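Keep in mind the model is a prediction, meaning the values are calculated, not measured.
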Amino acid sequence: MNDQVNRRPRRWPRHRLDVPIRVIIHSATKTSIFPGRGNELNEGGMALTAGVELNPGEEAEIEFTPPYSGSPIRIRVIVRNRTGYQYGIEFLAGSGQEVEQVDHMRSMLRIMSSA
């Protein structure tokens, strides 16, 4: 049996960070907010740790302030993977404002990559 794990190359480089985030879960009857920490960030998503039960495929919102930005962003995400309370999430920019925020964040990450 082959011990190597076949992994696809990443689409974007990862940037280590440590930022506070808020995970926002909407249900039919209420909205719940959970604190967390963003651990890694790239153009398509984030790795985060939060004390909330989410499963792959579930959607939520996150709110955080990207590096080198004074303005927080709030964006819909989908959970792509989970290990304990560590999650890999993908950004789901749907609205015009979300697309604009993600584009701005991507520009900042490209600057960080070239520095």
Can you check whether R37 reaches P20 side chain to side chain, under 4.5 Å on heavy atoms?
yes
In terms of heavy-atom contacts, Y87 and E53 come closest through OH-CA, 3.8 Å
To the nearest 0.5 Å, tell me how far I25 CD1 sits from I62 CD1.
11.0 Å
Between Y85 and I89, is there shared hydrophobic-cluster membership here, with clusters defined by ILVMFWY side-chain heavy atoms closer than 4.5 Å?
yes
Side-chain contact, heavy-atom cut-off 4.5 Å: M46 with V77?
no
Kindly write out the residues that satisfy side chain to side chain contact (heavy atoms under 4.5 Å, CB included) with N55, not counting sequence neighbours, or none if the list is empty.
E58, R82
side-chain hydrogen bond (donor to acceptor under 3.5 Å, both in side chains) involving T83 - partner list, sequence neighbours excluded:
none
Do the side chains of N81 and P56 get nearer than 4.5 Å, heavy atoms only?
no
Not counting sequence neighbours, which residues clear side chain to side chain contact (heavy atoms under 4.5 Å, CB included) with A50? List them please.
V23, L48, V52
Among residues at least two apart in sequence or on other chains, which ones pass side-chain hydrogen bond (donor to acceptor under 3.5 Å, both in side chains) with S32?
none
Go through the structure and list residues passing side chain to side chain contact (heavy atoms under 4.5 Å, CB included) with I78, not counting sequence neighbours.
E59, R80, E90, L92
Can you name the side chain to side chain contact (heavy atoms under 4.5 Å, CB included) partners of R74, sequence neighbours left out?
I24, H26, E61, E63
Shortest non-hydrogen contact from N42 toward F91
O-CE1, 3.8 Å
